[in-house]
Amino acid sequence: MGLLPALQEAPRWRERTGTVLVSEHGTLFRERDGAREELGCTAPGGTGAVLDVALDPAGLSFVAAENGLFVLGARVDVLDPVQPLEDAPSGTVRSVHVDGARRLWIATDTGIGALDPSFYFGRSLAPAELPGPGPYRVGPAEGGGVRLVGADSERVREPSRAVQPRVTALRVDGAELAPEDELRREPAGTLALEPTGTADGGTTFRYRFDRHHVWRALAPGVTVPMPSPGRHRLEVIALDQDLDRSEPFSVRVNVALPPHLDAGVLLAAALVTAGATLAFFLWHQRSARARLRPWRALVSTALVLVLALQVYAGIVPHGRGWPFMGFNMYTRAYARDEIIYDEQLVVLDANENELAVPPQSAGFMVDEPWEVLLPLVNDGEPALRAFLDAWRKRFPSGDARGLEVQVRRTRLTEHGPVVIAPLVLARYREADR
Amino acid sequence: MTPRAEAVRVAPALDSGWLARWEHVWFGEASLVRLAVFRIVMLVAAFDGVWLVRKAVFQYAAGRDPVFLQRSWRPIYAFELLGVGPPGPEAVHALWGAMLVALVLGILGLCTRVACAVVAVLAFYWIGTEYSIGKPHHTCVALVFGLFALPFAPVGARLSLESWWRRLRAARRGDDPRAVPELGAWAAFPLRLTQLTVALGYAFAGSTKLAKSGLEWINGYTLQGIMVEYHSSWTPYLSENRELLVLMSIGLLVGQIGFPLVFLWKPARWFFLPVAVLFHVMAMQTMATGTFLTLWLTLVAFLELERVPAFLARTVGAGPAWRQLAAALFLGAGAFGVVDLYLQKKPPWLWLPLVPVAAAFVLMSRPKLLPSLELAFDPGSARARLALAWIGACDWAGRIRPRASPGAALRVRDGAGRELGSTQGVLAVLARLPLGPLIAPVLWGLLRPQPDPPVR
């Protein structure tokens, strides 16, 4: 993998599913059961000549090509462009390599850096860490490191030997917090996060709320949006230039309900409305000499209140307002070329065959898939193994050997949806132990 | 002013003022049979609502979540306001048992109002508990409002053990057991509240899409994206064609936003109700929304259920053969589909109580199948009145026509006026009653010639 050997006839890469990628005259093919098929591409101009391919242990393939960096799924015959983000090296990616920790190393004419294989944020190595002038290439090194090759020299990088990054302090809105401190905030607005920390090659920070699987970038001086009303956990991590992560610095954030949902305000409004409605019914009853009996007037008042609250909830929805509910889901408009994400749990058998299974299949009823997927993504092997064990107890005849949390991705096009490479957020395989 | 003059003056205000209309709409008289069927359907839907989430509630109450499960108590707003917490490991079983008992009593119609009130409170707590550890859904919104409205109405007046018991008491008192109320005040109340809740739900679901995204929502990519994100069995077939998706998006918005038109023009129900059902079927098959069966079932609030027998007789039981067949296939397939969806993930024996219901529908649909019988009876005979009470309570398809014949013994005549022998007569009557096999021993004793029991 990695370095494309010069003067090789047709470089080949065997994928974990047994298929083979073949680069011939700069074009990438996939050989399956002896048949060769050219791969498609969602980018309008195609990939251009293929320069290098790196295989990810989770089954993805990263392809460096003239027109940029691309990703390919093991069961998807379409390449999709990858846009390296943040501090990733700029320029045409000429060489790629995925190390054992699933860091995607990319090399351009001017730099080398590591990318996250799912969210594509990256860091460039400091000039002092580079093997002289470029152009550069990357590849595997003996002992699990990364071989960095420059125009006239090369060196081996061993990210595992670096000191673990650390978040040393966190200031929120100017106040320094200790771990597990609780913040109380009004709804809406922003939080100004100012972390400090230590990491090799300089520190970058990322944050998330409520153990979300995406760690968002935390640029200096940029505030982050206030989470929705309720109790939340805010975590900040530090990353070094190899994308190694620190332990999270965790604090609690309690966001108040907006005034229109405040219990006191709502109760007062309900009482005033009920009183006025009841008075109105009783007064009108007298003036019209109709015989709306007091019991019916009371029920009518309650009815008006219930219907008014239903309308109110429809206009100002609150996600947990059941049974007075408005609508947030399915209300956003999607656009052409947008990527749709659909998370799924995949059981792997001995032959790497994938079986998508519902998160409930381990015997625990869940309403929201992430209730199971988040622990699997965040807690890694212990949680993944526990799920697999529970699943095998329920389905002992299955030949389950591994488990992956994948996010199936689909691009919306005029001619229908096109499935592209999934994200692999967590992976456990017994043979890997 | 004399009382009569006063009454004359007030009458127009009562008949035409807004207060009178309000009275009429909410508390006016409506069919008690319709209310009774609605009660049964709502309680059957409530069972579906609580059954489907029971596992999550039991597991959470047991407090033995594994390491790969991260769920926490995030109470719905109502629970937060009321300070309600989750049930404990013992309480959850008591709660479930009480709810099942109340559901059965409510469906059978015994202590009906109390049972409906208990179901409303417990189902609200049960479903709210599941939503407090998961995510609130729209499936049970109309159901919960409808359940809370049921106890306000005379829900046990018909199609209930209470009603059967009242017939028996009337028979023993010497009154006519056939004299049951057809209409009742407040009977429309639960129906109207459910209707309005359903209509508001659909209207806001559609209008929020427009308010948030404008007409961009119908660009075809939105529906394509939703189908892909919530991948389901029909997604591959329907998500390919963007023009079709645009049309479906328009249809969806028209169906949702236009739904309240059912109140302005009654025939609009013939359009919007099938569109609503179609919408849920499509959502289930393309967006993995689940069946939304509780919401489907609450749509019966819009149907004039007391007219179902006549409707079936008219559409399936009369007219050209091809139309009868088409109507039978369409309605039969629809009914089978709903029952099949309902019974999925439930105990298999639950189809048993549906057998008499299906028999009733068959009888209603085919008036020529087991045609009506005339039952001549002596109103002065306690035994005859008791027999009529039992028959009246179980003759859901209206196949037995009692005819008072003072002094005469009980006699059964067929449509041609031929008198049937006693055994043949009893069997003929039983065959026409959907609950015939259940009440056969009683009716056998009452309809067979015997010495008249002493009148109490």
Side-chain angles (χ1 to χ4, degrees), chain A residues 211 230 261 263 267 281 284-285 288-292 296 299-300 303 306-307 310-311 314-315 317-323 325-328 330-336 338 340-342 362 364-368 371-372 374-376 379 382-384 386-387 390 408 410 412 414-417, chain B residues 9-10 13-14 17 19-20 22-23 26-27 53 55-56 59 65-71 74-78 80-81 124 128 130-131 133-136 138 140-141 144-145 152 193 196-197 200 204-205 208-209 212-214 216-217 219 221-222 224-226 228-231 239-242:
Chain A
R211 293 176 35 103
L261 290 172
L267 195 64
F281 271 115
H284 208 282
Q285 170 193 337
R289 303 209 179 170
R291 291 164 63 181
L292 187 70
R296 292 189 179 185
V299 174
S300 297
L303 196 59
V306 163
L307 294 175
Q310 285 194 24
V311 172
I315 297 167
H318 176 39
R320 308 198 75 74
W322 186 84
M325 287 182 85
F327 294 83
N328 282 317
Y330 311 127
T331 55
R332 182 174 75 82
Y334 292 61
R336 194 171 71 175
E338 190 167 335
I340 304 299
Y341 300 87
D342 171 23
F364 287 85
M365 196 65 195
V366 291
D367 197 36
E368 169 65 36
E371 289 169 13
V372 165
L374 272 190
L376 298 182
D379 303 334
L384 288 157
F387 183 94
R408 182 188 147 102
T410 309
L412 305 182
E414 200 161 353
H415 308 293
Chain B
R9 200 187 71 78
V10 168
L14 278 171
L19 199 60
W22 176 270
E23 270 263 287
W26 292 104
F27 313 118
V53 300
K55 209 170 170 184
Q59 286 176 345
D65 283 355
V67 292
F68 55 79
L69 184 54
Q70 174 192 318
R71 58 181 165 197
R74 291 185 303 132
I76 56 169
Y77 191 60
E80 205 173 321
L81 286 183
F124 173 72
E130 204 272 338
Y131 289 173
I133 52 179
K135 196 168 72 174
H138 290 91
C140 297
V141 171
V144 162
F145 285 109
F152 288 90
L193 182 60
L196 261 177
T197 305
L200 283 172
F204 275 113
T208 310
K209 291 179 180 83
K212 286 203 172 178
S213 300
E216 191 64 14
W217 197 88
N219 63 11
Y221 295 112
T222 303
Q224 189 186 71
I226 294 170
V228 166
E229 190 171 353
Y230 304 97
H231 204 267
S239 60
E240 300 283 333
N241 187 326
R242 199 167 74 85

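Numbered from 1 within each chain, the chains take letters A, B, ... in sequence-line order. Please read all numbers here as calculations on a predicted model, not as lab measurements.
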Which atoms of [X] come close to chain B, meaning under 4.5 Å heavy atom to heavy atom: side chain ones, backbone ones, both, or neither?
| X | result |
| --- | --- |
| His415(A) | backbone |
| Val306(A) | side chain |
| Tyr341(A) | backbone |
| Glu368(A) | side chain |
| Leu303(A) | side chain |

Study note, to complete from the structure: In terms of heavy-atom pairs under 4.5 Å with chain A, the winner among Phe152(B), Phe124(B), Tyr230(B), Phe145(B) is Phe145(B)
Review point. Who among Gln224(B), Glu80(B), Glu130(B), His231(B) has the most heavy-atom pairs with chain A under 4.5 Å?
Key: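 The candidate making the most pairs under 4.5 Å is Gln224(B).
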Which portion of [X] sits near chain A, non-hydrogen atoms under 4.5 angstrom:
| X | value |
| --- | --- |
| Leu81(B) | side chain |
| Gln59(B) | side chain |
| Ile133(B) | backbone |
| Val141(B) | both |
| Trp26(B) | side chain |

